[in-house]
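If you're wondering where the values come from, they're calculated on a predicted model, not measured in any experiment. What you see below is based on every heavy atom in this structure, not just the backbone, and it leaves out hydrogens, waters and symmetry mates.
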Amino acid sequence: MGRIRVLPDILVKRIAAGEVIERPASVVKELMENAVDAGARSIAVTAEQGGTHLIRVTDDGAGMSADQLSLAVTPHATSKLQSEADLYRIQSLGFRGEALASIGAVSRMRLVSRSRDADEGAEIVVEGEQVQTNRAAGCAAGTTVEVRELFFNVPARRKFLRAAGTEFGHVNTQFARIALAHPRIAFELAHNDRVVHQLPLTASRRERIGRFYGRELGEALLECRRDDAELSIEAYAAPPADARSSAGWQLTFLNGRHIRDRSIQHAIKEAYRGLIDPQRYPIVFLFLQIDPNMVDVNVHPTKIEVRWQDSRAVHAQVLSALRETLQAADLTPALRAGRGAAPPPLDQEQRAELLRSMADEFKQMTPTQPAVAGPQGHSRPGSAMPPRAVTQPDTTRSGIETWRAMYGQAPPAVQPGDTGSSLDQQASPFASRTGAFQLHNTYLVCETEDGMVIIDQHALHERIIFERLKERIAGGKLESQRLLLPETMHVTEAQSALLHEHADLLERMGMEVTRFGPDEVAVQSTPALLKDNAVVDFLRDLLDKLEHRVDEPGSDEIIYDLLSMMACKAAVKAGDPLTRQEIDDLVRQKDLVEKSSNCPHGRPTTLRMTVKDLERQFKRT
């Protein structure tokens with residue numbers, strides 16, 4: 001340990017910049033918040049190369065005089081605090097006086113500003129914390145801040161930046177958050193000379209949400225309003241059917257500032273309890289207004305966290321408001337018919353034939369060659385064995401013809417009256433002497449030599465499909481089928497960048513996704529395992545997971561997530577009735593896959609209870 005000493009000013013500024021400025025999106029956030037605080041009615045943001053080359057933010061706010069401009073780039077200089085008491089009733093977005101000084105310490109920054117009552121403006125240039133220029137300048141009323149070559153003097157930080165498209169996705173996210181919080185301000189965002197968003201001021205928060213997240217979602221949102229003396233709630237909540245695979249679609253704003261708060265997230269989750277799968281997350285845009293004296297925003301340098309004076313009261317109010325809105329609404333989901341229709345359902349005879357053929361294939365497999373329950377669209381919706389060739393779906397074919405197109409030969413016929421299991425030669429320790437049975441269309445109960453096992457049908461089938469997919473992708477890429485009519489979906493700029501970044505990986509998974517417009521993509525090819533009408537849901541969940549990951553995933557990690565999501569979509573679901581043969585075949589497949597005790601997400605597939613356990617429960621010992 002060396003001697004204690006005061007750090008040099010330049011190092012202090014670099015440390016402060018590291019807390020506040022993480023990437024180009026951080027610069028956009030700080031500069032846009034300053035523009036809002038300045039009373040701007042119009043804010044324009046321009047970025048080049050994802051913001052790493054240039055960020056320019058122009059506003060028509062109050063502007064600054066020449067002497068104020070010099071102070072603006074000084075650390076801890078601000079117009080928003082006059083006394084210590086002001087720190088506990090913050091009404092502005094910024095207040096620390098750190099943003100401009102931190103940005104200037106790690107970039108080449110230029111500020112031009114003129115107050116509304118001044119005849120001329122002023123210009124100041126800062127390069128790596130050194131003021132290079134300070135002079136008069138002609139300009140419109142308001143302020144323009146240009147930030148070039150971010151982290152040019154901090155190479156260790158610059159090398160952690162992602163591709164330009166990915167960085168711009170983060171820029172777009174920050175832009176959207178501020179634009180959603182302030183609909184009565186006009187905003188514009190441009191990237192590489194292309195206007196991405198042009199938002200006129202509006203009184204409709206719903207309209208602005210639709211601009212960013214799609215008109216269909218905007219129109220489906222349920223509006224919720226509640227006002228009392230201390231807390232005002234305005235919320236736009238999507239029906240349960242629109243729930244997503246991550247919490248990234250839950251946006252909370254407090255007094256015009258985007259925040260993250262576990263208490264609020266818990267209230268949202270509780271409001272939807274019983275309406276959605278516990279593993280999914282509702283879409284909610286929540287706007288809160290509270291007396292500044294009742295909340296402390298001086299918790300974190302990025303101002304993303306807050307501390308409530310009475311968090312329980314806020315939690316209760318949000319929960320109550322959302323729950324009342326959901327209870328009053330008709331939440332019956334609309335029928336969503338995909339453009340590519342699934343093959344027609346099979347009759348009993350066709351279904352038996354297909355199951356018999358599937359069983360014959362299982363007989364030829366070794367324990368290292370895991371199997372799945374049956375061909376997609378035939379044995380049952382979601383029961384999937386990936387086809388061996390790329391095919392085009394033909395909804396006019398019968399089930400037998402579709403099988404022949406996918407597998408190269410017709411399934412062998414089943415003798416009349418042959419309804420028993422076709423895998424009797426492959427004994428399984430989980431096969432019951434009297435046959436497994438289904439409980440509540442969700443669990444399979446089997447007698448064993450020393451007791452019984454209870455199987456979660458979805459979890460087990462999910463593991464079986466997952467292991468088969470792992471085997472297939474290890475040898476190259478998954479089979480795909482080209483859609484007769486592409487499926488389109490709305491994407492944000494961040495999601496579009498992710499699709500571009502992971503294009504090779506998507507191709508390996510059997511997906512082809514192309515640009516279809518300024519804010520839409522078209523799915524041209526899909527993994528053959530997925531039903532046509534599940535493709536958009538799968539892609540949406542995939543983008544949610546990639547977009548809202550905290551860490552940077554490796555390729556193996558992404559593949560694991562993709563395969564587990566695909567298996568989950570394709571597996572039989574809780575509540576699906578199974579035939580006797582499907583039950584028996586699913587139970588027997590448990591021994592043909594590795595790690596069959598748990599699904600890919602870690603949930604158990606099987607619970608065991610011995611005779612001794614039963615005797616203890618019934619007090620027979």
Side-chain angles (χ1 to χ4, degrees), residues 19 29 33 80-81 83-96 177-178 180-183 205-206 209 221-240 242-329 331 544 548 550:
E19 293 177 336
K29 171 183 178 293
E33 287 182 348
K80 299 159 189 175
L81 295 179
S83 66
E84 182 182 353
D86 293 339
L87 190 60
Y88 303 102
R89 52 171 180 266
I90 300 294
Q91 301 188 51
S92 57
L93 298 180
F95 58 88
R96 291 173 174 267
R177 289 171 178 173
I178 295 177
L180 288 177
H182 304 278
R205 189 100 64 180
R206 181 191 298 273
I209 292 173
L221 295 172
L222 307 172
E223 188 170 347
C224 166
R225 291 181 183 271
R226 174 179 289 188
D227 292 293
D228 63 22
E230 297 178 340
L231 179 66
S232 172
I233 299 174
E234 179 184 358
Y236 298 86
D242 291 310
R244 298 298 179 89
S245 61
S246 82
W249 291 70
Q250 294 174 11
L251 297 180
T252 301
F253 301 87
L254 175 65
N255 294 348
R257 181 198 315 280
H258 173 255
I259 66 167
R260 283 197 300 263
D261 185 83
R262 290 185 179 180
S263 176
I264 297 296
Q265 288 181 323
H266 182 267
I268 293 172
K269 191 77 171 177
E270 284 297 302
Y272 280 80
R273 180 179 291 277
L275 299 176
I276 63 174
D277 186 314
Q279 302 302 317
R280 297 185 69 79
Y281 300 85
I283 299 175
V284 176
F285 301 89
L286 181 63
F287 303 87
L288 306 177
Q289 292 288 331
I290 196 171
D291 186 335
N293 290 300
M294 299 184 65
V295 63
D296 181 8
V297 299
N298 186 29
V299 177
H300 191 274
T302 62
K303 304 178 286 282
I304 193 72
E305 300 175 11
V306 298
R307 191 174 289 121
W308 308 95
Q309 187 179 95
D310 189 350
S311 61
R312 291 186 178 182
V314 174
H315 178 281
Q317 288 273 51
V318 171
L319 172 58
S320 173
L322 289 176
R323 184 170 286 169
E324 287 178 5
T325 300
L326 292 170
Q327 289 175 345
L331 301 179
D544 285 349
H548 300 110
V550 176

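With rounding to the nearest 0.5 Å, the separation of CD1 in Ile283 from CG in Asp544 is 8.0 Å. Atom CZ of Arg260 sits about 7.5 Å away from atom CD of Glu305, to the nearest 0.5 Å. With values rounded to the nearest 0.5 angstrom, Asp310 atom CG is found 6.5 Å from Met294 atom CE. Atom-to-atom distance recorded for Arg177:CZ and Thr252:OG1 is 10.5 Å, nearest 0.5 angstrom. Within the model, atoms CG of Leu254 and CD1 of Ile290 stand 6.5 Å from one another, a figure rounded to the nearest 0.5 Å.
Gln250 places no side-chain N or O within donor-acceptor distance of the main-chain N or O of Phe285, the cut-off being under 3.5 Å. At distances below 3.5 Å, at least one donor-acceptor pair connects side-chain atoms of Arg257 with backbone N or O atoms of Leu93. The backbone N or O of Val306 sits nowhere less than 3.5 Å from a side-chain atom of Asp296 that would complete a donor-acceptor pair. No donor-acceptor pair under 3.5 Å is formed between the side chain of Arg273 and the backbone N or O of Pro278.
Of the N and O atoms on the side chains of Arg226 and Ser320, at least one donor lies less than 3.5 Å from an acceptor on the other residue. With no hydrogens or angles considered, a side-chain donor-acceptor pair links Asp228 and Gln317 at under 3.5 Å.
In this structure, Ser263 and Ser311 approach most closely via the heavy-atom pair OG-O, 3.9 Å. The minimum heavy-atom distance linking Lys29 with Ile178 is given by the pair O-CD1, 3.8 Å. In terms of heavy-atom proximity, Leu275 sits nearest to Leu331 at CD1-CD1, 4.0 Å. Contact record, Ile276 with Ala243: CG2-CB, 4.0 Å, taken as the closest heavy-atom pair. The two atoms that bring Leu322 and Cys224 nearest to each other are N-SG, 4.4 Å, heavy atoms only.
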Q) Can you check side chain to side chain contact (heavy atoms under 4.5 Å, CB included) on Leu288 and Ile264, steps first, answer last? A) CA-CA 11 Å; Leu288 306 177; Ile264 297 296; 4.1 Å; yes
Q | Chi angles and distances behind the side-chain hydrogen bond (donor to acceptor under 3.5 Å, both in side chains) call for Asp261, Trp308 | A | CA-CA 10 Å; Asp261 185 83; Trp308 308 95; 3.0 Å; yes
Q | Check against side-chain hydrogen bond (donor to acceptor under 3.5 Å, both in side chains), Tyr281 and Gln279 | A | CA-CA 7 Å; Tyr281 300 85; Gln279 302 302 317; over 6 Å; no
(Q) Does His258 form a side chain to side chain contact (heavy atoms under 4.5 Å, CB included) with Ile304? I'd like the steps, not just the answer. (A) CA-CA 7 Å; His258 173 255; Ile304 193 72; 3.4 Å; yes
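More than 12 heavy atoms of other residues, nucleotides or ligands lie within 6.0 Å of CD in Gln265, so this atom counts as buried by the packing criterion.
Just one of Leu222, Val318, Ile268 meets the side-chain contact (heavy atoms from CB on, under 4.5 Å) condition when paired with Val284; it is Ile268.
At a threshold of 4.5 Å between non-hydrogen side-chain atoms, the residues Tyr272 and Leu326 count as touching. Side-chain contact check for Gln289 versus Asn255: some heavy-atom pair is nearer than 4.5 Å. Counting heavy atoms from C-beta on, the side chains of Leu286 and Phe253 never come closer than 4.5 Å.
Annotation: salt bridge (Lys or Arg N to Asp or Glu O under 4.0 Å) contacts involving residues 275-288, sequence neighbours excluded, comprise Arg280-Asp541.
Arg206 meets the salt bridge (Lys or Arg N to Asp or Glu O under 4.0 Å) test with Glu223; sequence neighbours excluded.
For the pair Arg205 and Phe287, the cation-pi test (distance below 6.0 Å, angle within 45°) is passed.
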